[in-house]
Amino acid sequence: MADDSAPPRTYREEAHAIHARDVHFDFSGVPMHYIPGEVLATHVTNVMHLVLPEGERAMAACLAEALPYIDDERLREEVTGFIGQESMHAGSHEGARRHLQSIGLDVESYVAKVAWLVDRVLGGHGLTGRAEQEWLKERMGLFAGMEHFTAVIGEWLLESKVLEELGMDPTMLDLVRWHGAEEVEHRSVVFDAYMHVDGGYARRVRTGLLASGLLLPLFVVSTAYLYRKDPSPAKGRFWGQQFLSATVRGVIPSFTTFFTEMPRYLRPGFHPSQLGSMDNALRYLAHSPAARG
């Protein structure tokens, strides 16, 4: 199935095994605005609970479809561990979403729309033969591009001190940092799987640009929806002003990330192992309250 023009690639990341961790989060005491005084920043974080569960299930399904085409045993192990981690991410964020729904943030209709969109854009579509293989490669390229951004944001979540300084609810802070740490931990897996089954640079460029073009508007539209649905009378009138303020103060990652990261991802010699610090990720995962509890 690999692109004949691409050189053969052997998976060599021997030092660390990816595996799903059995984590537990108790959201019962989490308030609506769990970053105190930061309504908009709270809802930027909430996008993870709305969008990620469906997207990560689609990604796990895509990688499971790719497994028969991966004949490198070490890479197969990493892909299998990745699928387990993505499933755990989806379930954990879904738990947070159900809690927020129970305290008044009505998001069910939007979640249904996201699920429909993910299925239409990233589903298998029941294709067979050559068309099925080409669409699988295309989806893997898209997911590799998306994983680049989740790894960059994961690195930001691990290194940023501002959320802790603002008094973010400890359970939600642990959720996003645990997730961010695992995004850094498995940052290379989808890229390496894509390179194994296809490896075409033209497809990597096309799908990387498309991934950036899909994620940014989805984050903006989802944040605006959440802000509008927020039942609190004290949330303020202008979410755009709060967005700019939170960006300038470093409370949320800059939206320019979706543009500034593209040149790095599109370099012919790029590999995700160049991102972030694996040591920082593993150190957090060793001490995460949810992972330890």
Side-chain angles (χ1 to χ4, degrees), residues 25-53 55 89 92-108 110-111 114 149-184 215-261 276 280 284 288-290:
F25 297 95
D26 179 7
F27 298 111
S28 60
V30 176
M32 177 74 71
H33 302 141
Y34 49 80
I35 308 177
E38 301 287 348
V39 176
L40 192 282
T42 296
H43 290 313
V44 169
T45 307
N46 282 340
V47 173
M48 298 173 70
H49 312 319
L50 266 69
V51 175
L52 287 186
H89 294 172
S92 298
H93 285 288
E94 201 164 61
R97 187 176 75 200
R98 287 195 299 267
H99 170 71
L100 293 171
Q101 177 81 24
S102 73
I103 61 174
L105 188 62
D106 185 12
V107 296
E108 289 304 316
Y110 188 78
V111 169
V114 169
F149 292 108
T150 59
V152 169
I153 293 171
E155 181 182 358
W156 180 88
L157 286 166
L158 285 173
E159 294 183 353
S160 174
K161 304 299 182 187
V162 67
L163 297 177
E164 202 165 10
E165 291 168 356
L166 288 169
M168 183 174 179
D169 179 86
T171 299
M172 281 296 192
L173 182 60
D174 187 33
L175 171 63
V176 298
R177 283 187 170 168
W178 159 76
H179 188 165
E182 289 201 339
E183 290 298 329
V184 174
L215 287 176
L216 178 56
L218 184 59
F219 261 83
V220 173
V221 170
S222 300
T223 300
Y225 175 87
L226 285 161
Y227 192 84
R228 189 170 66 250
K229 284 290 186 178
D230 188 319
S232 173
K235 67 182 180 181
R237 295 179 60 188
F238 303 110
W239 72 268
Q241 184 177 3
Q242 292 188 42
F243 180 86
L244 289 174
S245 173
T247 301
V248 169
R249 291 179 293 114
V251 181
I252 58 175
S254 174
F255 71 92
T256 60
T257 297
F258 291 99
F259 303 105
T260 58
E261 279 297 322
N280 285 349
Y284 185 81
S288 163

| said: Parallel, tilted or perpendicular, judged at 30° and 60°: which one describes the rings of His89 and His179? | reply: tilted

| Distance, nearest 0.5 Å, that separates CD1 of Ile153 from CG of Leu215 | 8.0 Å

| field | Taking every non-hydrogen atom, the tightest pair across Trp156 and Val251 | value | CH2-O, 3.3 Å

| said: Minimum heavy-atom separation for Arg97 and Pro53, please, with both atom names. | reply: NH1-CG, 3.9 Å

| Note: Lys161-Glu164 ion pair, threshold 4.0 Å (strictly below) | no

| message | A side-chain contact here means heavy atoms from C-beta on lying under 4.5 Å apart; do Glu38 and Arg249 qualify? | response | yes

| query | Would a 4.5 Å heavy-atom cut-off, applied to side chains only, mark Leu163 and Leu157 as touching? | reply | yes

| query | Given side chains that start at C-beta, do those of Leu226 and Trp239 come closer than 4.5 Å, heavy atoms only? | reply | no

| message | Below 30° counts as parallel, above 60° as perpendicular, anything between as tilted: where do the rings of Phe258 and Phe149 land? | response | tilted

| Non-hydrogen side-chain atoms of Val184 and Leu158 separated by less than 4.5 Å | yes

| query | Stepwise, does the side chain to side chain contact (heavy atoms under 4.5 Å, CB included) test hold for Phe27 with Leu175? | reply | CA-CA 10 Å; Phe27 298 111; Leu175 171 63; 4.0 Å; yes

| message | Could you check whether any side-chain heavy atom of Glu159 comes within less than 4.5 Å of a side-chain heavy atom of Asn280, counting everything from C-beta outward? | response | yes

| So how far is it from Glu155 CD to Thr150 OG1, rounded to the nearest 0.5 Å? | 12.0 Å

| Considering only heavy atoms from C-beta outward, does the side chain of Gln101 approach that of His49 to under 4.5 Å? | no

| Are His33 and Ser232 side-chain neighbours, meaning at least one heavy-atom pair lies under 4.5 Å? | yes

| query | Any side-chain heavy atom of Phe219 within less than 4.5 Å of one from Val51? | reply | no

| said: Looking at Ser102 and His99, would you say the former's side chain and the latter's main chain have a donor-acceptor pair under 3.5 Å? | reply: yes

| field | Shortest non-hydrogen contact from Thr223 toward His43 | value | OG1-O, 4.3 Å

| query | Thr45: what forms a side-chain hydrogen bond (donor to acceptor under 3.5 Å, both in side chains) with it, not counting sequence neighbours? | reply | none

| note | Tightest non-hydrogen contact, residues Tyr34 and Thr42, listed as OH-O, 3.3 Å

| remark: Between Ser222 and Val47, the two heavy atoms sitting closest are CB-CG2, 3.8 Å

| request: Show the numbers, then the answer: is there a side chain to side chain contact (heavy atoms under 4.5 Å, CB included) between Phe243 and Ile252? | output: CA-CA 8 Å; Phe243 180 86; Ile252 58 175; 3.9 Å; yes

| message | For Ala290, is there any backbone N or O sitting under 3.5 Å from a side-chain donor or acceptor partner on Asp174? | response | yes

| query | Within the distance-only criterion (no hydrogens, no angle test), does the side chain of Lys229 pair as donor or acceptor with the backbone N or O of Val107 below 3.5 angstrom? | reply | no

| Heavy atoms from other residues, nucleotides or ligands near CD of Gln241 exceed 12 (cutoff 6.0 Å) | no

| Any donor-acceptor pair under 3.5 Å linking the side chain of Gln242 with the backbone of Leu40? | yes

| task | Find the distance between CZ (Arg228) and CG (Asp106) and round it off to the nearest 0.5 Å. | result | 11.5 Å

| What heavy-atom pair brings Pro231 and Gly104 nearest, and what distance separates the two atoms? | CG-O, 3.5 Å

